[in-house]
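Report on the structure given below.
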Amino acid sequence: MEIKDFIKNIDLMQVKHILCVQPHPDDNEIGMGGTIKVLSQLGVKISYCTVSKGKGGSNELSSKELIEIRQNELREAGEYLGATQFYQLDLDDAHYPSEKEITSQIVEVIREVKPDVVFTVDPYLLYEAHPTHRKTGMAVLEACLFSSMKHFPEPDAPVPPVTHQVKAVGFYASAHPNTYVDITETFESKINAIFKHRTQFDEQSGQMIKMYLDMQSRNNGKIKGVERAESFKLLPMIVTHMMVESESY
Ligand SMILES: [Zn+2]
């Protein structure tokens, strides 16, 4: 018997509630928009958490203007795919928030939302240049572990926190995926949702990302045996601590 048969990965199609944590207001749509739509159509509750308000995302608008517009774009895109709950952390790219700051704020959100699975960007994407992406991925992994521990953030707190055990963590934008979701029927919705982030795409960059995601979804589809798919590294929480086998999942 293999360890993978003993500690089985979860079936995404059976989950009830997911939390999608994105470094910036448009990452969930780009990384997993098709899957969010698939799951919301199955009745899965979708919650969003955004780490940075993305005020560095335009050279034309002032930070204040951009934040307000991007908050509206974020909600419009998320609701279009079926998300019903939105959390915004107040961590700013320009101030390089520490992983610890991000972790403790995400733990609070996980304890309130109580999701089965938490999704985010893969912190082990080797050449990822954006620090908020690297830190968010790692902070979410830590937060999924710590949200179940009464001693976090404070040992012996006079009122112990209400903890929550996440069943699995899922990484999008992963170079080592182990899970593919058929998004043939929802690819168009994914692209429509991405284009709701009007401050982020002009004609040329919009066409570029559409072509890239078109090719990417077809490549993933070949592996899954469908027309189009999105890919994830999905790990049951139990293998995320002291388990060398986690890499083989
Ligand atoms: Zn981003």
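Worth saying up front: this structure is predicted, and the values here are computed from it rather than measured. Both counts, for ligands and for their atoms, begin at 1 and track the order of listing. FYI, the numbering just counts along the sequence from 1.
- With the Zn ion (ligand 1) as the vertex, atom ND1 of H24 and atom OD2 of D27 span an angle of 100° (nearest 10 degrees).
- Looking at K196 and E76, a side-chain N of the basic residue comes within less than 4.0 Å of a carboxylate O on the acidic one, giving a salt bridge.
- Note on residues 16-37: pairs passing salt bridge (charged side-chain N to carboxylate O under 4.0 Å, His left out), not counting sequence neighbours, are D26-R70.
- Heavy-atom neighbours of M149 CE from other residues, nucleotides or ligands within 6.0 Å: above the threshold of 12.
- In summary, D26 places no N/O/S atom under 2.8 Å from the Zn ion (ligand 1), failing the contact criterion.
- Note that K233 lies outside the cation-pi zone of Y249, set by a 6.0 Å cut-off to the ring centre and a 45° limit from the axis.
- At a cut-off of 2.8 Å, H133 coordinates the Zn ion (ligand 1) through an N, O or S atom.
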